[in-house]
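Just so we're on the same page: letters track the sequence lines, and every chain starts at 1.
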Amino acid sequence: MDDPITDDLLAILACPKCKAPLARQADLLVCTRLECRLRYPIRDGIPILLMDEAELPSPA
Amino acid sequence: MTPGRRFSAAAETYENFAGVQNRVAIRLLELAQNEMPRGGPSRILEIGCGTGVLTRLLLETFPASRLLALDLSPGMICAARKRIANPLDTLGWVVGDAGDLPVHSVFDAVFSSSVLHWADSPQAAMREIARSLNPGGVAALAVMTKGTLAELHAVRRRIAPDNLPSADLPSPDLLRDAIGDAGLVIRKEAPVEILVTYPSAHSLLNALHDQGLTGGRFSTSGRPLSRTQLRNLIAAYDRDYSGPEGVQATYRILCLIAEKSSPCRCPGDLW
């Protein structure tokens, strides 16, 4: 099955909290803003861009 | 729609709520079609796609546009995705909240039908809609307003006057203010009143439960109605609002078309 998260889709999606761009990391979308870096799941090919569902950044 | 026709639309009668959703979506599209940015919307955001009633119509109406369908519920999106074919791959799906839209300011049109009344804050939702639009972009919104289920509220006030719902649906004025405060200019509006016939008050309450209209903040107070109060409510509704086909319930929806004004060069800017 084709990846449903196309580059075109990724380009219009933003972090719901800080509105920064998101980057794909395996099965997550991660906020690219250093101060935020919230991690959002992708389930069944659908990005779940809810703050309640976000994980905090993994410790560096 | 011209102002003269705005308040003359007669109530229409439907047999179930899906009919209401479909009719509202069609009315919203009719109203929006001639208000789109020149050349048609390149990107459309739909807020609250649900099972995809409006999504499908948007794909048919704007085949050249890219559409992003958003809903708070992953289950709804899965259901909509199964039902809607998208051979040209112009449709994307995302789970998100109207109050914190997970998108950049790239849309020429934002559509939302029969869902924004759920927003915790209509003001926040309107601000987010305005933010997601390009300058000159258009929001086409159908929002359920105060007066919806007026019959049920009247009966409930009589049966349990000390136990009323804690929140009400937004009034048209509240929506207009929220839209204006968000920096959008209303171009058109059309109130829609729809009567739905249910076999009995009991079946109405079951249908509302299935739609998610009970249990929410519009129908619950601190305490649920007692068994006796519920029985009295059903009896009073059956008695007061019966017609030949069953009992009736009113839905009020306000359709609004609003534009995000393009940045204009004011005379002062020239100097």
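Taking the side chain as every heavy atom from C-beta outward, A:P16 and B:D97 never approach each other to under 4.5 Å. Looking only at side-chain heavy atoms (C-beta outward), B:W93 and A:L9 stay at 4.5 Å or farther from each other. Contact check for B:C78 versus A:D44: side-chain heavy atoms found under the 4.5 Å cut-off. The shortest distance between side-chain heavy atoms of B:H104 and A:P21 falls below 4.5 Å.
Of the atoms belonging to B:V103, heavy atoms from both backbone and side chain fall under 4.5 Å from chain A. For A:L13, the parts lying under 4.5 angstrom from a heavy atom of chain B are both the backbone and the side chain.
Expressed to the nearest 0.5 Å, how far CG of B:L101 lies from CG of A:L49 amounts to 10.5 Å. For the atom pair OG of B:S105 and CD1 of A:I12, the computed distance is 12.0 Å after rounding to the nearest 0.5 Å. Distance check, rounded to the nearest 0.5 Å: CG of B:L70 to CD1 of A:I46 gives 11.0 Å.
The pair A:K17-B:D100 does not count as a salt bridge, with every side-chain nitrogen at least 4.0 angstrom from each carboxylate oxygen.
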